[in-house]
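Inspection log for the structure reproduced underneath, given as structure tokens.
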Amino acid sequence: MLSNSVFLGDVVKRVKNKVDKNNTDLIYYIGGEHFDNGEIIISRKGVIKESTIGPAFHMSFEPGHVLLMSRNPHLRKAGVVDFSGVCSDVSYVCETKDETKLRQRFLPFIFQSEKFWEFAEANKKGSTNFFLNWSDFERFEFTLPSIQEQDKLTEILWAANDTKETYKKLLYLTDELVKSQFIEMFGDPVTNEKGWDERPFSDTCDIITGNTPPRANVAYYGNFIEWIKSDNINKHNTILSEAAEYLSEEGAKVGRVVSSGSILMVCIAGGLNSIGNIAIVDRDIAFNQQINALVPKSYETWFLYYMLLMMRPSIHEATNKALKCILSKGQLSNVEAIVPPEQQQKQFALFADQTNKSKLELEQSIVNLKNTIKVLMSKNFG
């Protein structure tokens, strides 16, 4: 061990404050679906009273705590919260032991460093649902900058992250602009005050449920085609993010594959908040059973995407909450939606596509800032 190196367990502790989720004043909870891969801040959350979260959700956290997901380290789920709530015992609630040695505001950047996740990958346990115990994370060894260097780095890193968040807000406002154009042209798709023709999705789209090729056959997994999971579909990205896992050519033959122009929708999740999350497919991909694909027959892809965004309440109404928030293929097929004439759809799709080019520039700026943060961490962290 180098003189300027420490083990995580020397400077960070796991906070284990248990609460009864059925008898608490706390409002929010965080499940695995609320982490955004590689992000410093956990901003999404669920409402306890509206959820079906299980008994394992009994660990409380406070603003400033850093949550570290112990499952599937390749997803890189860790971040700081600015609200109180509960999480399950597979999310470790973390804080520094001594602020004079390690700043709490510096901690989330340690958890999102390349070196940390390389260590996690090398030390994960399990055969399919990989995990690390807290005692495993405690053995992570890293170079600890001086407190003066930490303060300087923290200021720079948070400034870069704040700028990134500003760009994300601009992305949101751009989406709102497109939604406004949609409303102007087609009205509210739920109330259909303009009297467009309405048909169930079974008539207007091919609906395909994804699957998982048998894990026992390792030949099904490789690097031929991306295998999309619900983590790749979140509210921040219009287009699917890159999958962490790929299928082989043989695996693709037994998997479910769709092409560019389709839309993927999360239909199985731990909380209602994630049901109905959608993303546009811009390349050939495979996907798992938590997702339904809508392959449009009577829609322009951009029109269908924004219509689905505004139909989320209707989508949620069709969900079987008694079965842990599952929207089956049959239920989705029966949801009725407006079908305006093709020419109007094309006109809107052209506007949405042009606007998306501006979004792509913002998204590239976000990627550049993420890379800047990574470079700063690699140079100063170890």
Side-chain angles (χ1 to χ4, degrees), residues 5-21 24 26-46 48 51 53-99 101-126 128-142 144 150 154 161 231 244 270-271 377 381-382:
S5 293
V6 297
F7 291 106
L8 187 73
D10 294 334
V11 291
V12 178
K13 64 181 178 181
R14 180 187 176 191
V15 179
K16 295 191 285 186
N17 295 327
K18 290 189 176 182
V19 297
D20 180 358
K21 68 180 181 64
T24 179
L26 294 171
I27 299 172
Y28 303 112
Y29 77 94
I30 289 179
E33 70 274 17
H34 298 123
F35 290 79
D36 291 319
N37 302 9
E39 291 292 337
I40 297 298
I41 299 173
I42 302 172
S43 56
R44 296 189 290 142
K45 51 187 177 288
I48 295 172
S51 72
I53 57 174
F57 281 80
H58 52 61
M59 293 294 181
S60 68
F61 56 83
E62 300 294 333
H65 275 147
V66 179
L67 272 56
L68 170 63
M69 175 60 72
S70 65
R71 297 291 188 261
N72 297 316
H74 65 278
L75 297 178
R76 303 189 173 204
K77 292 185 173 184
V80 64
V81 291
D82 62 359
F83 55 91
S84 301
V86 297
C87 60
S88 75
D89 50 13
V90 300
S91 293
Y92 300 143
V93 181
C94 306
E95 67 180 20
T96 61
K97 291 183 175 180
D98 186 346
E99 275 274 333
K101 294 181 179 179
L102 173 60
R103 300 298 198 207
Q104 182 73 14
R105 281 176 56 80
F106 190 60
L107 182 56
F109 294 101
I110 293 176
F111 282 165
Q112 286 299 351
S113 67
E114 291 296 319
K115 187 175 181 180
F116 179 78
W117 292 116
E118 288 171 2
F119 169 88
E121 275 292 301
N123 289 274
K124 66 186 180 184
K125 298 178 171 66
T128 56
N129 188 19
F130 301 111
F131 68 95
L132 286 87
N133 294 319
W134 177 246
S135 58
D136 298 318
F137 284 118
E138 285 184 314
R139 294 188 291 104
F140 172 59
E141 184 181 357
F142 63 100
L144 183 64
Q150 286 181 48
T154 299
N161 195 74
D231 302 276
M377 289 304 294
F381 175 65

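- Rounding to the nearest 0.5 angstrom, the gap separating the CG atom in Asn123 from the CZ atom in Phe130 is 13.5 Å.
- Rounding to the nearest 0.5 angstrom, the gap separating the CG atom in Asn72 from the CG atom in Asn37 is 10.5 Å.
- With Ser70 contributing its side chain and Val90 its backbone, the two residues share a donor-acceptor pair below 3.5 Å.
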Check: residues 59-69 side-chain donor-acceptor pairs under 3.5 Å, at least two apart:
residue	atom	partner	partner atom	Å
Ser60	OG	Asn17	O	3.2
Glu62	OE1	Ser84	OG	2.9
His65	ND1	Glu62	N	2.9
His65	NE2	Glu95	OE1	3.0

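- Contact between His34 and Tyr29 at its shortest, heavy atoms only, is CE1-CE1, 3.6 Å.
- Residues Phe119 and Glu141 form no side-chain contact, since every pair of their non-hydrogen atoms from C-beta on lies 4.5 Å or further apart.
- For residues 70-79, the set of pairs meeting the salt bridge (Lys or Arg N to Asp or Glu O under 4.0 Å) definition, not counting sequence neighbours, comprises Arg76-Glu114, Lys77-Asp231.
- Ion pair Lys125/Asp136 flagged as a salt bridge, since at least one NZ, NE, NH1 or NH2 atom sits closer than 4.0 Å to an Asp/Glu carboxylate oxygen.
- Put simply, the side chain of Glu121 gets close to the backbone of His74: a donor and an acceptor are under 3.5 Å apart.
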Go through the steps to decide whether Thr96 and Arg103 satisfy the test side-chain contact (heavy atoms from CB on, under 4.5 Å), and finish with yes or no. CA-CA 7 Å; Thr96 61; Arg103 300 298 198 207; over 6 Å; no
Start with the C-alpha distance between Tyr92 and Leu132, add both sets of side-chain angles, then the distance that settles side-chain contact (heavy atoms from CB on, under 4.5 Å), and finish with yes or no. CA-CA 11 Å; Tyr92 300 143; Leu132 286 87; 5.9 Å; no
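- In this structure, OG on Ser43 lies 8.0 Å from CZ on Phe83, to the nearest 0.5 angstrom.
- Checked by atom type and distance alone, the side chain of Thr24 never pairs as donor or acceptor with a backbone atom of Lys21 at under 3.5 Å.
- The structure places CD1 of Ile40 at 11.0 Å from CZ of Arg105, a figure rounded to the nearest 0.5 Å.
- Ser88 and Phe57 get closest at one heavy-atom pair: N-CD2, 3.5 Å.
- Scanning all heavy atoms of the two residues, the minimum distance from Val93 to Cys87 falls at CG2-SG, 3.7 Å.
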So Val11 and Lys97, side-chain contact (heavy atoms from CB on, under 4.5 Å) or not? Walk me through it. CA-CA 5 Å; Val11 291; Lys97 291 183 175 180; 5.6 Å; no
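- Annotation: Lys16, atom NZ; neighbour count of heavy atoms from other residues, nucleotides and ligands within 6.0 Å does not exceed 12.
- Seen from the ring of Tyr28, Lys45 counts as a face-on cation partner, given the 6.0 Å and 45° thresholds.
- Residues Trp134 and Glu138 have side chains that bring a donor and an acceptor to within less than 3.5 angstrom of each other.
- A distance of 7.5 Å separates CG in Leu107 from CG in Leu8, rounded to the nearest 0.5 Å.
- Among all heavy-atom pairs drawn from Phe7 and Arg139, the shortest one is CD2-O, 3.3 Å.
- Of all non-hydrogen atoms in Ala78 and Phe35, the two that sit nearest each other are N-CD2, 3.7 Å.
- Cation-pi geometry between Lys115 and Phe142 is not met at under 6.0 angstrom from the ring centre and within 45 degrees of the axis.
- Checked against the 6.0 Å centroid threshold, Phe116 and Phe137 count as a close aromatic pair.
- Note that the CD atom of Gln112 and the CD1 atom of Ile41 stand 11.5 Å from one another [nearest 0.5 Å].
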